[in-house]
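Heads up: the structure comes next, in structure tokens.
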Amino acid sequence: MSSVQPVEVYQCVTESLEYAEATMSKARASVEKARASKENRNKVVSRASEVVNALLEPALQVANLLEGMGGIFPPCKVASNTLAALVKLEADRRDNDVRIVLVHFDFATTLANLGRLKPGFQAVQALAIPLGKLLDRFMCLMKDFGQFCEAYYEAKALKSKLKHLLHSKSNRDRIQDFTNQLVALKHDLASIFSHQAVLILASHTDTLARIESRLAKNRAFYAGVNDGDEDNAITFVSNHGGEEVVQMNDQLLEQLAASVGEKLNPGILRVVKEGAEEIFKQSQASFMLKFRFALEQRIDESQEMILNELKSGPYELIRDRDVKEIWRNIAAKESSVKRRQLIDGLNYYFNIQFKKYKAEHNYAEREDAWTGTIISKVLYHPAIGDAIDDDGSGYISIDEINNFMRGKPEKWTVPQWVVYWAYGWDADNQLYSERITKTFTQLKKLKDAGGPHADLVASYLSETEERITVFFNSLYNMRGLDHSAEMKMDRLREELRVRNENDIKTRLKSVNHKIDYSVLAAVTGSERIEATFCVLAYLLVSRHLWLMSKPDVTSDAVDEATSTMVVLIDAMRHRITDLKVIWRRQRMEVDTQIRYYANGLLEDYYRNYRKVEFDTDLEDTGDESEWDSEDGWTSEEGNMDNDTAGNTNTSGAPQLTSASNQVATSRSIPVGGYDSAPRSMGPPHGNNYIRQPSYGQVQDQPPPDITAYREVHGHGGYRDVAHSYDGDGEGDEYEAEGDQPEENEEAQEEEPGPGESYEEHPYTHGRQVYGDEYEYEDRQRPGGYGAYNDEDDQAGGPVAYDEGDQGPGGYDDPDDDEAVDESRGYPSRENRHWWSRR
């Protein structure tokens, strides 16, 4: 090893510093223009904050540098984790302040000097001992700065900016103080290095010095930016005796508020007059909660693990021994696998483990052997996949499986943890649904009682009840387990519920039961809001019921409670938006995924507020094919003869047309994708399906040409009457109608008349709705339930239709006559059964 750290790592540090310098130079002109403009004086800081990402990147690269050095010098490892956690907290904020980010940048440029050390420096005690002490001072300073940032951003996030403006001068002085302390630490570091010149790499020293000399002018410029209101507030406070005098004088505060266009009310006045000790206590608790969470999320990959990964495969990075063995057996050289592939491997592995234990212990069952009856059933596999697959992509990565296993209680086995997410989590959400319904009922009684605070309760309910309960009412009913498994499952559920509720209550208490976007993940202990939404919503509403039952409750307290619930609702809305983007890019049917994801938790909210919050363009509304803008495919409506169905456009590709009111024409499917025509209520379970009306569309009569609506796809591709793709991406050609395979001849049957349904088709699954009839088709298919026609499952089509765990994942009861909700086109909520989603 020629250096403590690979040359590439140090090169990444220097390149990120050079890029930051270039970005600051480029953005400087627009900041100066805003500063000179009278209209944009209050946008100076926001304009300057355009360089935030470029300034944070060097800190991440320096954290990587220190992590590499941590293998031989542990203090570097601790410093790396601290810096990385601090940067993550800053990066997760919605509105960054460039003056705060500059201090993060200063930490990076100062610690980057450690990259100048030669190999073997750790063996020189005259260098190692003082360097270790200096890094301890760095870490203390980083934590103090992180806590200051928490208080700083909390004041900026308030509805009124008066508190932030009042303390503008002291905030500027504190930021400068942190900068001065960093300069002092840098001098101490240079002093240590000067006594050990033989251990310093001259080339790295010269490179860093050259970059820092170019950074100096831009850094000073951005450190001095202020908004117009901040400058006015500093002048006003200075002319009236300072912050403490103005803070305690209501008349001066009113004048300050008026000067910046603010109105003073009792709530704002109370917040502005908070003492320094109270502010410190609140910011410290909030910062430490988020800081610890950020540290826990940082994956600690030792050098040994990385070397094993390079030698054997990515599975070496998996923490859990059993899961590591499962991954090694199914995809030793892959960094991600299909959901169904992992779940099948998990089922097989533990089935063998249970049998092996039984054989070695005189037919005694392993304590967790009962979980095999649940894990082995295909209808539970979608729930398991949803729990592990963070991004809902249909593929599970090493990071995702490690994140999933990190939440496992210490004394639980892997099968117990998996089976909880297969069934227990859905059952717990149903329990919280009953509890929160009762809590809202009590709140409504409190409002109807007409007490002195009835208006406050009514205001809280109007902002929260509908948008919270819509998630709980969206859940599908659960199907019970057998008696023995039910008892064991109940014990697991109760143990985990108690742990989760206690943990969340403790975290809520530390932030005074107030939640904003930056602290939400730290409070829940998860980056996925849907995983803890039900328990968090119930605990918060229960707390708010207690709060509003007090005779001395204030309007400010109710406003804070309402704001917290709004944050929770917005987090769910943003999660839906993120999932929608992921599913669209995977060419999945968004309506179908929303309906079945997390036992339907997101479905009703998406449908109720779709037009207002989620449909922002033609692509979202389904009025235009998603292939039009990206791939050059057209979807113009118009009458076409069957003779013209295969006409090509100027590019030589077949021209797509949608059916008119009289003629249904076939649509050609691009390789590896599918078109955006209306689809059935759920994706197919097999390799063939019948295209059906989309949600909310109950057809009065069947289409004139049934063959245009029956398509057969295999190996991830699609086949219709006029055209075909095999989906492998190689040598795909359109085939004439006469080239249809024999197994598709059933699709050419005579169309049914109005009020009739299609006859049973052995390869199709789904409901056919015509007129007032609502019938099921035969569910059998080659291989039986849960089987796949693709022998090697190496399909190249859309993930949603290639994997069994995407979409419903289960099968409707063919003998169950469910009522139809005419407004939606699928069974009404009260008649939907749990097994119809899996």
Side-chain angles (χ1 to χ4, degrees), residues 31 34-49 93-103 145 147-179 222-284 286-287 512 514 516 518 554-560 562-563:
V31 177
R35 178 185 282 180
S37 170
K38 185 177 181 180
E39 294 78 12
N40 294 324
R41 279 295 308 279
N42 286 324
K43 297 180 181 179
V44 174
V45 174
S46 62
R47 289 282 179 87
S49 295
R93 301 188 191 278
R94 292 197 165 193
D95 296 307
N96 303 98
D97 191 308
V98 67
R99 296 162 294 189
I100 294 291
V101 176
L102 272 174
V103 181
F145 177 66
Q147 186 174 328
F148 166 75
C149 292
E150 193 65 28
Y152 181 87
Y153 281 114
E154 184 179 345
K156 288 195 73 174
L158 295 173
K159 291 182 180 179
S160 171
K161 58 184 178 181
L162 189 60
K163 183 177 180 179
H164 169 72
L165 294 176
L166 175 64
H167 299 292
S168 293
K169 176 67 166 58
S170 61
N171 285 336
R172 186 170 66 180
D173 292 343
R174 285 293 307 278
I175 293 173
Q176 185 59 47
D177 181 56
F178 283 113
T179 301
Y222 283 93
V225 299
N226 279 312
D227 283 339
D229 283 345
E230 291 175 338
D231 289 335
N232 294 336
I234 290 174
T235 301
F236 179 90
V237 171
S238 177
N239 293 338
H240 291 84
E243 291 180 7
E244 292 184 1
V245 174
V246 175
Q247 187 177 20
M248 294 296 109
N249 190 312
D250 292 0
Q251 186 177 1
L252 290 177
L253 285 174
E254 191 168 352
Q255 292 178 24
L256 176 60
S259 69
V260 294
E262 293 275 338
K263 290 185 178 180
L264 201 62
N265 59 46
I268 295 175
L269 194 62
R270 180 185 60 81
V271 172
V272 170
K273 288 192 172 186
E274 283 182 341
E277 183 177 350
E278 184 179 355
I279 294 173
F280 174 82
K281 185 178 179 180
Q282 291 178 359
S283 63
Q284 183 184 42
S286 179
F287 168 70
N512 200 22
K514 293 188 297 184
D516 60 25
S518 66
T554 64
S555 60
D556 290 340
V558 176
D559 286 344
E560 285 182 356
T562 304
S563 176

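Numbers here simply count residues along the sequence, with the first being 1. Small disclaimer: the values here were computed from a predicted structure and weren't measured.
- Between Tyr222 and Val101 the shortest side-chain heavy-atom distance does not fall below 4.5 Å.
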Item to check | Arg99 vs Arg172, side-chain contact (heavy atoms from CB on, under 4.5 Å): CA-CA, chis, key distance, verdict | outcome: CA-CA 9 Å; Arg99 296 162 294 189; Arg172 186 170 66 180; over 6 Å; no
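- Inter-residue side-chain proximity for Val245 and His240 is flagged as unmet; no heavy-atom pair is nearer than 4.5 Å.
- For Ser170 and Glu243, the side-chain atoms include at least one donor-acceptor pair closer than 3.5 Å.
- Listed for the Asp227 side chain is no donor-acceptor partner under 3.5 Å among the backbone atoms of Asp229.
- For the pair Val44 and Asn226, the tightest heavy-atom approach, listed with the atom from each and the gap, is CB-O, 3.7 Å.
- Here the straight-line distance linking atom CG of Leu166 with atom NZ of Lys273 works out to 11.0 Å at 0.5 Å rounding.
- A distance of 9.0 Å separates CD in Glu230 from NZ in Lys161, rounded to the nearest 0.5 Å.
- Residues passing the ring pair (Phe, Tyr, Trp, His ring centres under 6.0 Å) test with Phe178, sequence neighbours excluded: Phe145, Phe148.
- Of the charged side-chain nitrogens involved, none lies within less than 4.0 Å of a carboxylate oxygen, so that Lys156 and Asp95 do not count as a salt-bridged pair.
- Applying the ring-ring contact (aromatic ring centres under 6.0 Å, His included) test to pairs two or more places apart or on separate chains, none has a residue in residues 251-274.
- Remark: Phe236 CZ to Leu165 CG distance equals 11.5 Å, nearest 0.5 Å.
- Remark: Thr179 OG1 to Arg174 CZ distance equals 11.5 Å, nearest 0.5 Å.
- Using a 4.5 Å cut-off on side-chain heavy atoms (C-beta onward), Glu154 and Lys163 make no contact.
- Looking at Asp250, Leu162, Leu256 one by one, the single match for side-chain contact (heavy atoms from CB on, under 4.5 Å) with Leu264 turns out to be Leu162.
- Interatomic distance, Leu252 CG to Asn239 CG, rounded to the nearest 0.5 Å: 11.0 Å.
- Under a cut-off of 6.0 angstrom, the local environment of CD in Glu244 is sparse, with at most 12 non-hydrogen atoms contributed by other residues, nucleotides or ligands.
- For the residue pair Ser518 / Asp516, a side-chain donor-acceptor distance below 3.5 Å is found, with atom types taken as modelled.
- Formation of a donor-acceptor pair under 3.5 Å by the Asn232 side chain with backbone atoms of Gly228 is found in this model.
- Taking CG from Asn171 and CG from Asp97, the interatomic distance works out to 9.5 Å, rounded to the nearest 0.5 Å.
- When every heavy atom of Phe287 is checked against every heavy atom of Glu150, the shortest pair comes out as N-CG, 3.9 Å.
- No donor-acceptor distance shorter than 3.5 angstrom exists from the side chain of Ser563 to the backbone of Asp559, with no hydrogens or angles considered.
- Taking both residues in full, the closest heavy atoms of Asn96 and Ser49 are given as O-OG, 3.1 Å, listed atom of the first, atom of the second, then distance.
- Few gaps surround CD on Gln284; more than 12 heavy atoms of other groups in view lie less than 6.0 Å from it.
- Closest non-hydrogen pair, Leu102 versus Ala223, comes out as CD1-N, 3.3 Å.
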